[in-house]
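Worksheet for the structure shown next.
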Number of protein chains: 2
Amino acid sequence: MSKKQIIIKAATRLFSEKGFKETSVAELSKVTGAAEGTIFHHFKTKEDIFLSILKNVKEGIIEEFEEYIHTRAFDNGLDMMEGVISFYLYLAGRMEEWFLLLHRHYPYELAMDNPVCREYLEGIYTCLVDIFEEAISRGQKDASIDNGVPSRKTAMIIFAMVNGLVWFKLHHLYEAGALYNELIASCHKILRESDECKK
Amino acid sequence: MSKKQIIIKAATRLFSEKGFKETSVAELSKVTGAAEGTIFHHFKTKEDIFLSILKNVKEGIIEEFEEYIHTRAFDNGLDMMEGVISFYLYLAGRMEEWFLLLHRHYPYELAMDNPVCREYLEGIYTCLVDIFEEAISRGQKDASIDNGVPSRKTAMIIFAMVNGLVWFKLHHLYEAGALYNELIASCHKILRESDECKK
DNA sequence: AACCCAACCGAGTACTCACTCGGTTTTTTT
DNA sequence: AAAAAAACCGAGTGAGTACTCGGTTGGGTT
């Protein structure tokens, strides 16, 4: 592994665990064994390190989801929604660093006056909500999901719900896993036909 | 207003808008007109300022909710749930500073080795989830909410959903207000009888 | 009028910060 | 093997950082 990759890897861990501002270049130098001069040889500024990491996070999340969706065969749209929610929770556990980074304030503050950062963040969230919406649309075609629900807005609501649970987990308030069954049940209720009994 | 209160007020704004670490005592001194010596006369450390603010936030949120609940007369438990959700969104807009503070990482990191901070945070979330749960319990007694849903866990799910939407709003990703109708509709679906048609 | 004490001041302190620069080592190219 | 380029080093810099300390002010009590 090249020194640049070592720096990226260590910075990913430190930025997500301690925060961007709370991590000094001196510490980064210490844990990587790279001199400060070396760090600034590979990256123009400390902010530049962060943007490299965010790029990795964006590409990593999108890649993971695309692989998951194209590998798994879903019975129908509702099944896909359940799978996608499960995978989001699973990924938030396996790649905790990525999600810790995304649940900090720094990226969103940087995004306010850095178009590259904003593009990465929007890329991540647009992709995720798109996937949730696609599951709903598929479900509406194959009749596993109520045609009455607005697909985009409902996708956002469900994403907010899942993401909110991940937030609780990352902040050590509740264990998201303990609510998994209720989460899936709630999701089913939101998406099912409201008047299916009339048939 | 005493100088101490001026400091608290300015620090609340700065800590929520810029962050704790990103706000220097020098800046706080500048915007309040108080000398740095004065700030450290009233507060032992910078962290001490933050704890004073968090105390205010906790007491403020709990007070606001208690007043709302005891003032409004709800038709039934489901109506109460709708009211509480609306009030949470309303308060997150009116007292944006409080919620920005609570949606940063700093409080939760401080809570890891500061029992006072942890107590404040737990106090806030316990109180809020308690209120959500109480609405569900009331609804299950007056038959406006399905008896089959587990009250505590469902309260957490709905709270995660609402809080997740507030998070999106605070991070300038989506406007929570635009999803208000879908939020209430989804909540109704989660709480209503799942087999009402069989009656 | 003498005293008191909390409120207030701001220059000073020891330290950390991101970043630079001149030079050395290692790798690649010719 | 010589030359060019890239990777790497670490002491140094100047601008912050939280916090201290010796001293001044001003309203209230005796």
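Side chains included, hydrogens not; waters and symmetry mates left out as well; all remaining heavy atoms used. Throughout, protein chains are lettered first and strands after them, A, B, ... in sequence-line order, and every chain is numbered starting at 1. All values derive from a computational prediction rather than experimental measurement.
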Review item, nucleotides 24-26 of chain C N/O atoms under 3.5 Å of protein N/O:
none

(request) Assign A/S29 to base, sugar-phosphate, or nothing according to its heavy-atom contacts below 4.0 angstrom with the strands shown. (result) nothing
(message) For B/D142 versus B/G77, what's the shortest heavy-atom pair and its separation?
(response) OD2-N, 2.8 Å
(message) Tell me whether the rings of B/Y88 and B/F65 are parallel (<30°), tilted (30 to 60°) or perpendicular (>60°).
(response) tilted
(request) Using atom types as modelled and distance alone, determine if a side-chain donor or acceptor of B/D48 lies under 3.5 Å from a backbone N or O of B/K44. (result) yes
(message) Regarding B/R13 and B/E96, does a basic nitrogen lie under 4.0 Å from an acidic carboxylate oxygen?
(response) no
(request) State whether A/S24 places a side-chain N or O below 4.0 Å from either non-bridging phosphate oxygen (OP1 or OP2) of C/dT16. (result) no
(request) Locate the shortest heavy-atom distance separating B/M80 from B/R138; write the atom from each residue and the value. (result) SD-NH1, 3.5 Å
(request) Considering non-hydrogen atoms only, spot the tightest contact between B/H103 and B/L170 and give its length. (result) ND1-CD1, 3.6 Å
(message) Please report the distance, rounded to the nearest Å, between CD in B/Q5 and P in C/dA7.
(response) 13 Å
(message) I'd like the 5' and 3' limits of the part of DNA chain D contacted by chain A, with heavy-atom contacts below 4.0 Å.
(response) D/dA7 to D/dG10
(request) Determine the minimum heavy-atom distance between B/I61 and B/I124, stating which atoms define it. (result) CD1-CG2, 4.3 Å
(request) Would you kindly give the NZ-to-C1' distance between A/K46 and C/dT20, to the nearest whole Å? (result) 17 Å
(request) Using a 4.5 Å cut-off on heavy atoms from C-beta on, say whether the side chain of A/C117 contacts that of A/L54. (result) yes
(message) Measure CZ/A/F15 against C1'/C/dA18 and give the value in whole Å, please.
(response) 11 Å
(request) Look at all strands and tell whether B/K4 reaches a base, only sugar-phosphate, or nothing, counting heavy atoms closer than 4.0 Å. (result) nothing
(request) Would you check if A/T154 and A/F132 make a side-chain contact, meaning some heavy-atom pair closer than 4.5 Å? (result) no
(message) Categorize B/S2 for me: base, sugar-phosphate, or nothing, with a 4.0 angstrom heavy-atom threshold over every strand shown.
(response) nothing
(request) Could you list by number each residue of residues 31-43 of chain B showing a heavy-atom separation from DNA chain C of less than 4.0 Å, or answer none if no residue does? (result) B/G33, B/A34, B/A35, B/G37, B/T38, B/H41, B/H42
(request) May I ask you to decide if the ring planes of B/F50 and B/F15 are parallel, tilted or perpendicular, using 30° and 60° as cut-offs? (result) tilted
(message) If I take atom CD in residue A/E47 and atom P in nucleotide C/dC17, what distance separates them, rounded to the nearest angstrom?
(response) 18 Å
(request) Report whether A/L51 and A/L121 are members of the same hydrophobic cluster (ILVMFWY, side-chain heavy atoms less than 4.5 Å apart, transitive linking). (result) yes
